[in-house]
Number of protein chains: 2
Amino acid sequence: MPRSGKGGRYHHGDLRAALIETAIAIIGERGVRGFSMAEATRRLGVAVSAPYAHFADRDDLLAAVAVQACELLYAELWPPGEATQPPAERLASMARGYVRFAAAHRPLFDLLYEAGLDKKQHPEIEAAERPIADAFSACVLALSDADEAAADDLATAVEATAHGLVTLLLDGDHDGTTVGQVAERAARVTRALVASRHLLGSP
Amino acid sequence: MPRSGKGGRYHHGDLRAALIETAIAIIGERGVRGFSMAEATRRLGVAVSAPYAHFADRDDLLAAVAVQACELLYAELWPPGEATQPPAERLASMARGYVRFAAAHRPLFDLLYEAGLDKKQHPEIEAAERPIADAFSACVLALSDADEAAADDLATAVEATAHGLVTLLLDGDHDGTTVGQVAERAARVTRALVASRHLLGSP
DNA sequence: GTCTATATCCCGATAGAC
DNA sequence: GTCTATCGGGATATAGAC
């Protein structure tokens, strides 16, 4: 950690990036609600006012972290080279990836679903989420013979299941179950939903 | 609201209950993280120190609210007279009830899954959750020919799906979908999972 | 059981110097 | 772009009177 001595001027190479990194660390330790600008500046050894040269306010910094979270999630869901698999297996693979991402980057996962960020005021987040939804739609449409209503039913079911499994895992209901086991479970449930997708539609 | 005048002594009929009620209201408006003891006392017109005659600290009050939430959820999942339905329908019915509860009592639902309460330090909460898990197990075991592993697979899948659907609904991905529609969706996904439950087991 | 008063701490954000 | 200094606010929790 570069410091130019007590009280001296301090120039970080890239304070903006350092703030995002530190925010992730703090969120990991104390949760989103436990994050504060003050704590971040303390850890970096900069003045409390320094972040405001890079971010308008606390939410603006959290939004930047959220964007990074989306990019990482997308990379985990859609690894290069998987595009050749059949849609059902890609879907199961995405469910696995979702679980793995949440477990490996819990602070980021929590931020996305627990931060209460106003996405209307942070369109960057919506833009970063778009590719994820698109990757999903591609798989699901292929399994529904381009029937959009059926595709939506299946997509919602798979998304909800993966999300729900992760939540239950992270909230401590894991009686010794490992991340890998939960990921496999998500994949199996996804296959089961695909198999009985004809039951998912409205009557 | 009974007040004995500005500055005068104030005796609420049941401050403990009033605090729980007010906490629910505040959580509903500002979320769990937006709740504070100070705000609660302000709304009730009592001194900031008054709650400490009934609760050790902020978490202790939130734990009491969580217990009440569990009782309400249990009542919604297990309405009297439904015990006679076949297990699959009871299960679908519970999924519906879960969605309805979350939508109707969002502050309480959020508290249960977002509060980060240390359940080890609040065994009352675990005790209040027990009946819910038990009601669930009863349905699922009947559908699995008493195969405990299979029962656990199905239970986890159904729980996760209902939970995930609710989360997606509450987090704003409802493009005009109503609570009733999501509840029906949860019921249908549950039936689909029951139908393909043979796919849920580990290989 | 409730009040008044207070101690202690943390936070977000800004102004102005350099 | 970063620092120093500061304002204004809100939080939890305790002590002691009644």
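Basis for what follows: all heavy atoms, side chains included, without hydrogens, waters or symmetry-related copies. Just so we're on the same page: letters track the sequence lines, and every chain starts at 1.
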[X] [atom1] to [N] [atom2], straight-line distance once rounded to whole Å:
X	N	atom1	atom2	answer
A:Y52	D:dT4	OH	C1'	16 Å
B:L62	D:dA11	CG	P	14 Å
B:H54	C:dG1	NE2	C1'	6 Å
A:D57	C:dG12	CG	C1'	9 Å
B:R33	D:dA11	CZ	P	13 Å
B:I26	D:dA11	CD1	P	9 Å
B:R58	D:dT12	CZ	C1'	10 Å

Are any of the side-chain heavy atoms of A:R58 and A:F35 separated by less than 4.5 Å?
yes

Using a 3.5 Å distance criterion without hydrogens, assess whether the side chain of A:R106 forms a donor-acceptor pair with backbone atoms of A:L170.
yes

Side chain of A:A53 - closest among D:dG1, C:dA13, D:dA13:
D:dG1

Picking from C:dT14, C:dA5, C:dC3, the nucleotide nearest the side-chain atoms of B:V48 would be C:dA5

When all nucleic acid strands are considered with a 4.0 Å heavy-atom cut-off, which category describes B:R42: base, sugar-phosphate, or nothing?
sugar-phosphate

Looking across every strand, which nucleic acid part, if any, lies under 4.0 Å from A:A38 by heavy atom: base, sugar-phosphate, or nothing?
sugar-phosphate

Donor-acceptor pair present, A:S36 side chain and C:dC10 base, under 3.5 Å
no

Confirm from the modelled atom types if B:S49 and C:dT4 form a donor-acceptor pair under 3.5 Å, side chain to base only.
yes

If you draw a 6.0 Å radius around CD in B:E124, do more than 12 non-hydrogen atoms from other residues or ligands fall strictly inside?
yes

Measure the acute angle between the ring planes of B:F109 and B:Y98, then classify it against the limits of 30° and 60° as parallel, tilted or perpendicular.
perpendicular

